[in-house]
There are 2 protein chains.
Amino acid sequence: MKARARKSRGGRPTLKDIARKVGVHVSTVSRALDVQTSARLAPKLVEKIRRAALRSGYKPNPAARALKTRKSRTIGVVIPDIADPAFPPIIRGIEDGLARNDYVAIVASTDGNPWRQQRILEAMRARGVDGLILAGVLRTDAMVSKLTAGIPVTTVIRQTDASPFSTVLHDEDGGIRLALAHLVSLGHRSIATIAGPQSFSTGYNRHAAFNRHAELLGVRSDPPLTAFARAFNEAEGERCAEELLVTGRPFTAIICANDRLAIGAIAALRRHSLRCPEDISVTGFNDMPLVDRLSPALTTVRVQHFQAGIEAAEIIVDMVEKNPVEPRHTILPVELVVRESTRRLSHGRMQRAENLSSRVE
Amino acid sequence: MKARARKSRGGRPTLKDIARKVGVHVSTVSRALDVQTSARLAPKLVEKIRRAALRSGYKPNPAARALKTRKSRTIGVVIPDIADPAFPPIIRGIEDGLARNDYVAIVASTDGNPWRQQRILEAMRARGVDGLILAGVLRTDAMVSKLTAGIPVTTVIRQTDASPFSTVLHDEDGGIRLALAHLVSLGHRSIATIAGPQSFSTGYNRHAAFNRHAELLGVRSDPPLTAFARAFNEAEGERCAEELLVTGRPFTAIICANDRLAIGAIAALRRHSLRCPEDISVTGFNDMPLVDRLSPALTTVRVQHFQAGIEAAEIIVDMVEKNPVEPRHTILPVELVVRESTRRLSHGRMQRAENLSSRVE
DNA sequence: GAAAATTGTGCAAACGATTGCCCGGATGCA
DNA sequence: TGCATCCGGGCAATCGTTTGCACAATTTTC
């Protein structure tokens, strides 16, 4: 009773309060509460202190701890735009993964704007984040290396070319291979592709994979039936589909570097009275929310968004805690999910597609 | 040169470093750097100190500041699920709004699980958040009040019944009125509704609005053509649409309490060979990303997600800083965006819909 | 021209936790 | 019994800021 009344006014109990209650020094309490150091104390004392701490609802003051240890248990997460449907599942994974380790994320969106990115990175430094998870990096970005000097970094989903960072990636190559093999197995031979921005590793790697596997499967077009998107969005998907159509060269399927491009492409096809999948099959990449609800429901490569986030979180925590650890590189498997936007090539269809697409010229 | 060499090793410059360089006491530097207190110092000294601080790239140590001031400049954001497409735009608004004021958000998803919510709220307390933005509250939730005692709170999008909290809401009533008036103007008279969970203010308010305006517009059905969803998702939308169909009662339009329910409903209609909008018009609520890309593109009520986040951020910052402020309540205007899922009732259609829906029995 | 009021700055004590160092007592070994 | 060795735990410094108070130097007041 008496002891309880002496608890410091206003706020939560502190080490000092518990020390007073148990009748030991605060340093002893501190040690008792830390698994690492409690071994050096008398077991029954430790027990007693722990119970007192629990009973009083003691929670260490994060600011005090951070000040002393120079670790904030905070990770900065930098993404292009949290409102882009591709990212929330990753963020969710990151948050859950960090929470397991008693870290938290602070996330910010760059809008792909280098200037904003710089401000964000500086702000995160200033905030004292222990590590960074980058989801929006370009393949080459000199600034990032400077701005992150001295802080553990991992990228998710995307990577930089000469990477001093850890990475968590999807199996882009495997995904494209699956999509391509699927189309080939359906009888398609003239397969176009809408490639993503080559400044992103995703865009670059998927395009490279397309070329490689098209070659291997013997369906490579020469010159290539490729349009390059300048961004991963629906508008660019439309534009690229138009670009492919106006060449007048026939094709019966399009492999798109991601779902949003695919959605745009299908819309463009429709404007040209080409139906998907009857006239042209289309595949996406990512399996983002809602693409199963489109009509046609999109055939796409399912990636493990959530798991990627989890992995990234685990890795960054590892890097932060066991400090001099070398970069780790994780590749997550993907799977093809076949829905309505791809269909077996019927005999007449090839012909029809040719006519239609040449009509556009 | 000499002075610079004395900068404390290892890390960023501190007040002490600047004090030494300028030749004053750290408290003077501290005051010079704070607009509030710098007025009490000699202007030219202030100028000198500020320049020195800038030159050395001084950034206040957030942990030290938090420890002393008991303010972390951190806001907790609690949502049902960040991967639900309705929320990211709000989060984005919150983050931008907080960043303007030099605060950051730490966000966590409850999955609608009260137990998880409790853990999250406790963790946020422990982390020392200055305020809380709640996006997932139930209308009645005793626990929340207990767990947030002593911390400024605002809710976004949803509200509690007896709210001691500030709120930022969409004009639910206005939105439903617009949707209903739109359908009526298209000739619809038998209008069903798929209501959201009544435990959420959104579900409750939209349903109440539906009843009220149906009455006012003279299109109220008796008994009501209403199905209650148990969650705001596509599966429940499907289930509810089925539920409406099996009543055998005719209707030509459905107002859904949100977009995801609408998407589910349209899918269910399609399974019963009812086309949207030819046979049945459907409206959603929220205008979440991608619903303009569905076919049919969804007619829905556009709400200001982003702005809601901004407002919530501004409000919570206000509450945190000017402390004894009473709850503020903001209502954001909405607009109807008419797309493809609603259509004028043609003369024959009423009949047809009747036949089809009664066929289901 | 002395007392009083007003500057402008320094001093030092916090905030709450961590951690190197030290010391008293118990134990080990001879 | 004597001396070295542990073991358990206290002491105090420290992390970087903020802020009430003290105090010297100036300015104002009568």
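Chain identifiers are assigned alphabetically (A, B, ...) following the order of the sequence lines, protein sequences preceding nucleic acid strands; residue numbering begins at 1 within each chain. Excluded from the calculations below are hydrogen atoms, water molecules and symmetry mates; all remaining heavy atoms, backbone and side chain alike, are included.
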Problem set entry | Residue-level proximity of residues 29-40 of chain A to DNA chain C when a heavy atom falls under 4.0 Å | A/Ser30, A/Arg31

Exercise. Has the side chain of B/Lys68 got a donor or acceptor that lies under 3.5 Å from a partner of the other kind on the base of C/dA14?
Worked result: yes

Expressed in angstrom and rounded to an integer, what is the separation of [X] atom [atom1] from [N] atom [atom2]?
{"X": "B/Leu45", "N": "D/dT26", "atom1": "CG", "atom2": "P", "answer": "15 Å"}
{"X": "B/Leu67", "N": "C/dC15", "atom1": "CG", "atom2": "C1'", "answer": "4 Å"}
{"X": "A/Lys59", "N": "C/dA17", "atom1": "NZ", "atom2": "C1'", "answer": "16 Å"}
{"X": "A/Arg73", "N": "C/dT18", "atom1": "CZ", "atom2": "P", "answer": "11 Å"}
{"X": "B/Leu15", "N": "D/dT19", "atom1": "CG", "atom2": "P", "answer": "12 Å"}
{"X": "B/Leu41", "N": "D/dT18", "atom1": "CG", "atom2": "P", "answer": "13 Å"}
{"X": "B/Lys16", "N": "C/dC11", "atom1": "NZ", "atom2": "P", "answer": "13 Å"}
{"X": "B/Lys71", "N": "D/dG16", "atom1": "NZ", "atom2": "C1'", "answer": "19 Å"}

Problem set entry | side-chain hydrogen bond (donor to acceptor under 3.5 Å, both in side chains) between B/Tyr103 and B/Glu321, worked out | CA-CA 12 Å; B/Tyr103 277 70; B/Glu321 295 190 343; 3.0 Å; yes

For this session: Evaluate the criterion side chain to side chain contact (heavy atoms under 4.5 Å, CB included) for residue pair A/His305 and A/Ile310; output intermediate values, then yes/no.
Result: CA-CA 9 Å; A/His305 302 289; A/Ile310 295 275; over 6 Å; no

Charged N to carboxylate O under 4.0 angstrom, [X] versus [Y]?
{"X": "B/Lys146", "Y": "B/Asp141", "result": "no"}
{"X": "A/Asp318", "Y": "A/Arg328", "result": "yes"}
{"X": "B/Arg100", "Y": "B/Asp96", "result": "no"}

Could you pull out all donor-acceptor pairs under 3.5 Å where a side-chain atom in residues 126-135 of chain B meets a protein atom, sequence neighbours excluded?
unit_1: B/Arg127; atom_1: NH1; unit_2: A/Ser72; atom_2: O; d: 3.3
unit_1: B/Arg127; atom_1: NH1; unit_2: A/Arg73; atom_2: O; d: 3.4
unit_1: B/Arg127; atom_1: NH2; unit_2: A/Arg73; atom_2: O; d: 2.9
unit_1: B/Arg127; atom_1: NH2; unit_2: A/Asp102; atom_2: O; d: 3.2
unit_1: B/Asp130; atom_1: OD1; unit_2: B/Ser72; atom_2: N; d: 2.9
unit_1: B/Asp130; atom_1: OD1; unit_2: B/Ser72; atom_2: OG; d: 3.3
unit_1: B/Asp130; atom_1: OD2; unit_2: B/Ser72; atom_2: N; d: 3.1
unit_1: B/Asp130; atom_1: OD2; unit_2: B/Arg73; atom_2: N; d: 2.6

Problem set entry | Closest-nucleotide 5' rank along DNA chain D - winner of B/Thr69 and A/Gly23 | A/Gly23

Problem set entry | Beyond-backbone contact of A/Pro80 with A/Phe87, side-chain heavy atoms, under 4.5 angstrom | yes

Exercise. Are there more than 12 heavy atoms of other residues, nucleotides or ligands under 6.0 Å from atom CZ of B/Arg40?
Worked result: no

Exercise. Would you say A/His25 reaches D/dC11's phosphate, i.e. side-chain N/O to OP1/OP2 under 4.0 Å?
Worked result: yes

Exercise. If only side-chain N and O atoms of A/Arg70 are considered, is one of them under 4.0 Å from the OP1 or OP2 phosphate oxygen of D/dG16?
Worked result: yes

Seminar exercise, completed: In short, the helix from C/dG1-D/dC30 to C/dA30-D/dT1 is bent end to end, axes from five pairs each side, to 10°, by 40°

Problem set entry | Minimum-distance nucleotide (side-chain atoms of A/Ser27 versus C/dG10, C/dT19, D/dT17) | C/dT19

Exercise. Picking from B/Val29, B/Asp17, B/Leu33, what satisfies side chain to side chain contact (heavy atoms under 4.5 Å, CB included) with B/Tyr58?
Worked result: B/Leu33

